[in-house]
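Report on one structure; see the data block that follows.
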Number of protein chains: 2
Amino acid sequence: MPYTEKQERLARYAKALGHPARLFILEFLESQSCCFVGNIVDELPMAQSTVSQHLKELKDARLIQGSIEPPRVRYCVNRENWEEAKALFQGFFKEAEIIANH
Amino acid sequence: MPYTEKQERLARYAKALGHPARLFILEFLESQSCCFVGNIVDELPMAQSTVSQHLKELKDARLIQGSIEPPRVRYCVNRENWEEAKALFQGFFKEAEIIANH
DNA sequence: CCCACCCATCGTAGATTTGCGATAAACTAT
DNA sequence: ATAGTTTATCGCAAATCTACGATGGGTGGG
């Protein structure tokens with residue numbers, strides 16, 4: 001593997017954040033501290049199937065997780081990986097700052 | 001526009017960071033505080049044309065900038081936008097934290 | 001049992017991304 | 001002039017992304 005583990009993981013998180021709809025979903029999930037798919041669909045100007053696909057990508061990136069609460073599905077931020085992503089981004093920008101100041 | 005200006009800009013930066021080669025390039029540029037294209041090509045396991053393309057994307061995202069120094073081209077991080085990106089990511093994760101703690 | 005509701009998944013289309021080799025463009029040096 | 005060096009760009013192929021409508025699979029209520 002030509003890249004470091006950190007680079008691979010950070011790139012994956014960055015990619016997941018690389019669409020405004022997914023940023024919106026994450027911010028919305030935070031503001032509501034978990035919510036149902038329907039609530040998200042109501043807020044976004046796209047078809048339900050498209051929203052579902054964005055949710056899937058965030059889920060695949062392990063930034064969110066869903067739990068079935070019939071008849072609905074509740075999504076929450078995955079705290080553990082959210083913190084990891086946060087730390088990776090912080091490290092990315094911080095390290096650069098340290099280097100830049102020398 | 002259904003998304004906020006911040007979301008659009010953050011998504012654009014995140015997208016640019018969404019490939020390990022581009023993360024590598026940015027970290028490499030920091031560690032060298034500017035360098036020539038050839039140096040980057042030597043470090044990456046991909047064709048020169050592909051590296052050039054990744055540089056173009058980072059340039060389009062305004063995270064780096066190039067200056068011609070015949071017969072070579074020197075690339076540096078674009079400090080201003082780098083700081084903006086940093087602030088946007090910080091805001092994104094921080095705001096979420098504040099909300100989550102309520 | 002059947003219907004309505006909620007959501008995921010399928011199939012599809014078009015756009016974008018990623019990668020390569022080949023070529024072009026700009027400059028140096030001989 | 002010619003040849004070499006360095007980098008961008010072109011043309012192409014394969015893969016992935018984005019979006020949609022339609023369909024399917026659960027679940028709960030009548």
Side-chain angles (χ1 to χ4, degrees), chain A residues 1-3 7-26 28-29 32 34-76 78, chain B residues 1-3 7-8 10-26 28-29 32 34-78:
Chain A
M1 188 157 42
Y3 306 110
Q7 282 167 344
E8 296 278 4
R9 288 221 294 265
L10 183 51
R12 179 162 189 180
Y13 285 129
K15 198 171 181 182
L17 299 183
H19 192 291
R22 293 195 289 269
L23 291 178
F24 177 90
I25 290 170
L26 287 169
F28 191 69
L29 280 182
Q32 309 287 310
C34 300
C35 67
F36 300 110
V37 176
N39 303 128
I40 302 171
V41 172
D42 291 342
E43 298 289 328
L44 284 171
M46 35 177 49
Q48 176 264 321
S49 59
T50 305
V51 173
S52 192
Q53 213 167 332
H54 283 301
L55 287 171
K56 180 170 161 46
E57 285 187 45
L58 289 171
K59 206 167 50 179
D60 288 348
R62 308 202 184 281
L63 282 170
I64 66 172
Q65 54 199 358
S67 56
I68 300 168
E69 294 188 16
R72 297 186 268 184
V73 176
R74 176 190 296 274
Y75 276 101
C76 303
N78 181 320
Chain B
M1 188 157 41
Y3 305 111
Q7 282 167 344
E8 297 278 2
L10 183 51
R12 180 163 188 178
Y13 285 129
K15 197 172 181 181
L17 299 183
H19 192 292
R22 293 195 289 268
L23 291 178
F24 177 90
I25 290 171
L26 287 169
F28 191 69
L29 280 183
Q32 308 286 309
C34 298
C35 67
F36 299 112
V37 175
N39 303 127
I40 301 171
V41 171
D42 292 343
E43 299 289 328
L44 283 172
M46 34 177 50
Q48 175 263 323
S49 59
T50 306
V51 173
S52 191
Q53 211 166 336
H54 283 301
L55 287 171
K56 179 169 161 48
E57 285 188 44
L58 288 172
K59 204 167 51 180
D60 288 347
R62 309 202 185 279
L63 282 170
I64 66 173
Q65 54 199 1
S67 56
I68 298 169
E69 295 188 16
R72 296 186 271 184
V73 176
R74 177 191 295 276
Y75 274 100
C76 303
V77 170
N78 181 319

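Letters go in sequence order (proteins before strands), and every chain restarts at 1. These values consider heavy atoms only, across backbone and side chains, with no hydrogens, waters or symmetry-generated copies.
- Of the candidates C:dA8, D:dG28, D:dT7, the closest approach to any side-chain atom of A:P70 belongs to D:dG28.
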Donor-acceptor pairs under 3.5 Å, side chain of residues 52-63 of chain B to any protein atom, not counting sequence neighbours: which ones?
unit_1, atom_1, unit_2, atom_2, d
B:H54, ND1, B:R22, NH1, 2.9
B:E57, OE1, B:R22, NH1, 3.2
B:K59, NZ, B:Y75, OH, 3.4

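- What you find for B:P45 and A:P2 is that their closest heavy atoms are CG-CB, 3.5 Å.
- Contact annotation for B:R74: no contact, since no heavy-atom pair falls under 4.0 Å across all strands.
- Taking atom CD1 on B:I64 and atom C1' on D:dA8, their separation rounds to 13 Å, with Å as the unit.
- Non-hydrogen atoms lying under 4.0 Å from DNA chain D are contributed by A:M46, A:A47, A:S49, A:T50, A:Q53, all within residues 39-53 of chain A.
- Considering only side-chain atoms of B:P71, the nucleotide from D:dT6, C:dA8, D:dA8 that sits closest is D:dT6.
- For the pair A:K56 NZ and D:dC20 P, the computed distance is 18 Å after rounding to whole Å.
- Between the CD atom of B:Q65 and the P atom of D:dA8 there is a distance of 14 Å, given to the nearest Å.
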Practice item. Could you please spell out the steps behind the side-chain contact (heavy atoms from CB on, under 4.5 Å) verdict for B:L29 and B:C76? Key: CA-CA 6 Å; B:L29 280 183; B:C76 303; over 6 Å; no
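- As judged by a 4.0 angstrom heavy-atom cut-off over every strand, A:K15 is placed among residues touching the sugar-phosphate backbone only.
- Atom CZ of A:R72 sits in a sparse spot, with 12 or fewer heavy atoms from other residues, nucleotides or ligands closer than 6.0 Å.
- Every residue two or more places apart in sequence or in another chain that forms a side chain to side chain contact (heavy atoms under 4.5 Å, CB included) with A:Q65 is listed here: A:N78.
- One atom, CG of A:L55, and another, P of D:dT18, lie 13 Å apart when rounded to the nearest Å.
- Distances from the side chain of B:H19 to the nucleotides D:dT18, C:dG19, D:dG28 place C:dG19 closest.
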Exercise for review: Kindly indicate, with the supporting measurements, whether the criterion side-chain contact (heavy atoms from CB on, under 4.5 Å) is fulfilled by B:Y3 and A:L44.
Suggested key: CA-CA 9 Å; B:Y3 305 111; A:L44 284 171; 3.7 Å; yes
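- Summarising the geometry, the separation between CZ on A:R72 and C1' on D:dG28 is reported as 13 Å, rounded to the nearest angstrom.
- Distance, B:E69 CD to C:dC27 P: 14 Å, rounded to whole Å.
- Residues B:V73 and A:A21 both approach DNA chain D. Their nearest nucleotides, taken by heavy-atom distance, put B:V73 toward the 5′ side.
- Between the OH atom in A:Y13 and the CG atom in B:L17 there is a gap of 15.0 Å [rounded to 0.5 Å].
- Distances shorter than 4.0 Å separate some side-chain N or O of A:Y75 from OP1 or OP2 on C:dA8.
- At whole-Å resolution of the value, CZ in B:F36 and C1' in C:dA26 are 16 Å apart.
- Atom pair B:R22:CZ and C:dT17:C1' shows a separation of 8 Å (rounding to whole Å applied).
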